[in-house]
Amino acid sequence: MTVALMWEARAAEGRGAELLEWARAQWLAADPLRRETFAASGDRVLVITWWDAAPDAELPELPEPDAELVRRPVHRWRFESVGVEP
């Protein structure tokens, strides 16, 4: 079974590049099947990791950045794969 963990944060004003660099430098205690990092308008950063695990498995996640680097707490979601389309 594949589980995707999504981590999304919005940088403090003018600190989007710094948040992106911080997120890319974070290493997890185990290697996911795949990891992608995205940047979006509004200084937002999204990291998605894919794992071969049960939906309720304990998995390593990115930590919270220092409070002065973000505008709000990090948002986190967990999804279970229900299919892959070409």
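We number each residue from 1, following the sequence as shown. Just so it is clear, the structure is predicted and the values come from calculations on it, not from any experiment. When reading the values below, keep in mind they use all heavy atoms of this one structure, side chains included, and skip hydrogens, waters and symmetry mates.
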If you compare all heavy atoms of [X] against all heavy atoms of [Y], which two are closest, and at what distance to 0.1 Å?
X     : Y     : answer
Leu62 : Ala23 : CD2-O, 4.1 Å
Arg76 : Pro63 : NH2-C, 3.7 Å
Ala39 : Leu20 : CB-CD2, 4.4 Å
Val45 : Gly16 : CG2-O, 4.4 Å
Glu68 : Arg15 : O-NH1, 2.9 Å
Ala29 : Pro60 : N-CB, 3.9 Å

_Do Arg44 and His75 have side chains that approach each other closer than 4.5 Å (heavy atoms only, starting at C-beta)?_
no

*Evaluate the side-chain proximity of Ile48 to Phe38: yes if any heavy-atom separation is below 4.5 Å, no if none is.*
yes

Atom pair [atom1] ([X]) and [atom2] ([Y]), whose distance is rounded to the nearest 0.5 Å:
X     : Y     : atom1 : atom2 : value
Trp51 : Leu33 : CH2   : CG    : 8.0 Å
Met6  : Trp77 : CE    : CH2   : 6.0 Å
Leu5  : Phe79 : CG    : CZ    : 10.5 Å
Asp43 : Leu19 : CG    : CG    : 8.0 Å
Thr37 : Trp7  : OG1   : CH2   : 9.0 Å

*Is the number of heavy atoms from other residues, nucleotides or ligands within 6.0 Å of CZ (Arg24) greater than 12?*
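Open.
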
*Assess whether atom CD of Glu21 is packed by more than 12 heavy atoms of other residues, nucleotides or ligands within 6.0 Å.*
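No - once you tally the heavy atoms of other residues, nucleotides and ligands closer than 6.0 Å, there are 12 at most.
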
_Strictly distance-based, threshold 3.5 Å: is any side-chain N or O of Arg35 a donor or acceptor partner for the main-chain N or O of Val47?_
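It does not hold such a pair.
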
*So, Arg10 side chain and Gly42 main chain: donor-acceptor pair closer than 3.5 Å or not?*
yes

*Hey, quick one: are Leu46 and Val74 part of the same hydrophobic cluster, counting side-chain heavy atoms closer than 4.5 Å, chains of contacts allowed?*
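Different clusters.
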
